[in-house]
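Every value quoted in this text rests on a predicted model; they were computed, and no experiment measured them.
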Amino acid sequence: MLFKPDSTDDEKRTAPRKRSLLSRLLGRMVSLLITLVILGGLGYLGWLAFQPKQNGGGGRGAGGRPDLPVPVLAAMPHVQDVPVYLDGVGSVKALNTVTVRSQVDGKLLEVNFVEGQDVKKDDVLGEIDPAIYQAQYDQAVATKAKDEALLANQKIDLARYEQLAATNAGSKQQADTQRALVAQQEAIIKADQAQIDNARATLGYTKIVAPIAGRAGLRQVDQGNIIHAADTTGLVILTQLRPIAVWFSLPQQQIMRVNAAAAKGQLAVDVFGNDGVTVIDTGKLTGIDNQVDPTTGTLKLKAEFPNASYQLWPGQFVNVRLKVETLPQAIVVPTSAVQRGPAGTFSYVIGEGDIVTAKPVTVTQQNEHEAVIASGLTTSDRVVTTGFANLADGAKVVVGKDDGPPAADLAPRKRSRNPDGKRGAGQGEGQGKDGKKDWQGKDGEHRGRHEHSEGDQKGQTGPSPAPAAGGEQSGGAPKAQP
């Protein structure tokens with residue numbers, strides 16, 4: 001009888017061997033795949049590190065050549081007299097302000113001015129009912145006339161008594177008494193004259209006149225109202241606008257400088273308009289306060305201006321500058337030529353072979369346009385005024401021409417590319433050949449995303465379309481590079 005061999009034991013022994021072999025193969029493949037991924041990543045990182053050196057080299061100029069000259073603009077120092085100013089902030093105040101009030105009580109019959117009108121001194125601004133005050137004046141005049149008539153009679157009696165006393169026909173005492181009565185009556189007449197003067201003055205107060213020349217404000221009392229001498233509002237406020245005063249402050253550190261300059265003569269003061277640049281009026285310094293404000297540490301000064309065009313108005317805040325001295329024959333350069341470094345201020349001076357050298361300079365004063373150099377430069381030096389981004393001591397430069405003021409870029413320029421799809425020379429610094437800014441959108445950071453589209457345009461003579469900025473130019477037609 002034949003028996004079939006049992007194969008289950010052999011299969012059980014060979015199955016683990018097959019599974020272990022398969023797992024080892026899979027493990028080796030996974031290790032190999034991981035190794036390839038790591039090597040690929042390292043290669044990509046190396047390519048990224050090497051790519052900027054090929055495209056721009058991180059340096060200036062085309063192809064990253066640092067030996068190319070740096071384009072700059074230059075200027076020559078010149079000699080001129082430079083005024084020295086102290087700047088301050090002040091407020092405009094009227095030179096004189098008067099509240100015109102009535103000096104008597106009564107009914108306001110007339111108002112003889114228009115609000116905002118320029119009036120002269122002694123112009124009649126209003127009239128009060130003069131009836132009562134005219135009667136008082138007439139009464140004083142009549143009283144004086146009566147007393148004068150009495151005095152005339154007393155003088156005649158005195159002459160008679162004196163003749164009688166001289167011939168012993170009358171008493172001397174009677175003559176002396178009559179003489180005293182005449183002196184008494186003369187004093188009464190003087191009192192009457194004083195009453196007349198007082199009544200005349202009171203009658204004159206019924207006409208309200210302008211005490212100064214100035215501009216009338218808004219009327220405080222209307223015609224027909226009863227006004228009183230005790231009223232605080234008055235009829236109108238007059239403000240003197242020509243000339244006008246400006247009060248301004250300077251730091252207490254400038255006290256000695258201002259006093260020394262004021263001792264030499266009259267100091268000029270300029271006041272600026274709303275733009276802070278245009279001088280709208282020039283006046284003179286008229287007063288310096290006698291003490292420093294302890295709360296602010298500033299000294300108050302007062303200046304007077306003609307204000308011919310009424311450009312200064314009371315209550316207005318203005319910028320003021322006080323001229324304290326003039327620097328004669330000072331060396332002046334553009335402010336942009338003065339640079340600041342760790343060791344202080346310096347300027348780039350162009351020497352032989354257009355090689356620049358950094359020279360330390362001492363600046364006396366400077367503003368937005370010019371700087372006064374005390375030492376370090378001469379009138380024969382050429383100083384660099386523009387192009388400091390790529391400039392260093394000992395660098396070679398090429399001096400351009402400044403034919404006019406530079407035009408401001410209202411918006412970034414489109415990024416330009418060469419026909420081969422690479423960025424143009426000098427793009428490593430974000431600028432095109434024309435020296436203007438190019439687009440620096442997201443596509444400039446991830447250029448690899450556009451390589452396929454750029455490869456299709458290698459044969460084109462025009463540049464590729466500008467990338468969309470914020471979705472505004474997506475789908476637009478290509479634009480020529482200006």
Side-chain angles (χ1 to χ4, degrees), residues 53 55-82 277 327 329-416 418 423-440 481-482:
K53 296 182 180 180
N55 291 340
R60 60 179 182 266
R65 294 180 58 186
D67 55 341
L68 292 178
V70 180
V72 297
L73 295 179
M76 299 289 292
H78 60 279
V79 177
Q80 68 179 29
D81 295 338
V82 180
V277 178
L327 300 177
Q329 300 299 303
I331 297 178
V332 179
V333 298
T335 301
S336 58
V338 179
Q339 300 296 308
R340 284 170 173 80
T345 55
F346 67 94
S347 294
Y348 286 110
V349 179
I350 303 175
E352 296 182 359
D354 290 340
I355 303 298
V356 296
T357 303
K359 287 187 177 181
V361 296
T362 302
V363 181
T364 301
Q365 72 167 16
Q366 69 178 21
N367 53 26
E368 296 83 358
H369 306 288
E370 295 179 340
V372 179
I373 305 300
S375 62
L377 295 177
T378 62
T379 55
S380 60
D381 294 330
R382 281 195 307 168
V383 292
V384 178
T385 59
T386 305
F388 300 101
N390 301 320
L391 200 59
D393 190 8
K396 185 178 180 59
V397 298
V398 54
V399 181
K401 294 183 179 179
D402 189 8
D403 296 332
D409 288 338
L410 299 180
R413 294 285 184 177
K414 181 182 66 175
R415 185 184 56 169
S416 61
N418 291 332
R423 298 176 66 183
Q427 295 298 320
E429 297 176 359
Q431 297 182 352
K433 293 182 179 180
D434 56 354
K436 299 181 179 179
K437 293 183 179 180
D438 296 328
W439 287 103
Q440 296 179 354
Q481 178 68 22

Within this structure, what is the [atom1]-[atom2] distance for the pair [X] and [Y], rounded to the nearest 0.5 Å?
X: Q339; Y: T345; atom1: CD; atom2: OG1; answer: 10.0 Å
X: S336; Y: E370; atom1: OG; atom2: CD; answer: 11.0 Å
X: I355; Y: I350; atom1: CD1; atom2: CD1; answer: 10.0 Å

Indicate the atoms forming the closest heavy-atom contact of [X] with [Y], along with that distance.
X: A337; Y: T385; answer: CB-CG2, 4.2 Å
X: T378; Y: I331; answer: CA-CD1, 4.4 Å
X: V338; Y: S347; answer: CA-OG, 4.0 Å
X: L391; Y: V397; answer: CD1-CG1, 3.4 Å
X: A75; Y: P77; answer: O-CD, 3.9 Å
X: A358; Y: F346; answer: CB-CD1, 3.9 Å

How far apart are the C-alpha atoms of Q365 and V82, what are their side-chain angles, what is the distance that settles it, and do they pass the side chain to side chain contact (heavy atoms under 4.5 Å, CB included) test?
CA-CA 10 Å; Q365 72 167 16; V82 180; 3.4 Å; yes

Would V349 and V356 count as a side chain to side chain contact (heavy atoms under 4.5 Å, CB included) if you check the C-alpha gap in whole Å, the side-chain angles of each, and the deciding distance to 0.1 Å?
CA-CA 5 Å; V349 179; V356 296; over 6 Å; no

Please identify each residue that fulfils salt bridge (charged side-chain N to carboxylate O under 4.0 Å, His left out) with D354, with sequence neighbours left out.
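D354: salt bridge (charged side-chain N to carboxylate O under 4.0 Å, His left out) contacts with R382.
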
In sequence, state the C-alpha distance, the side-chain angles, and the governing distance for I373 and V363, and then conclude on side chain to side chain contact (heavy atoms under 4.5 Å, CB included).
CA-CA 5 Å; I373 305 300; V363 181; 4.1 Å; yes

Apply the test side chain to side chain contact (heavy atoms under 4.5 Å, CB included) to residues V277 and E368: give CA-CA distance (whole Å), side-chain angles for both, the deciding distance (0.1 Å), then the verdict.
CA-CA 11 Å; V277 178; E368 296 83 358; over 6 Å; no

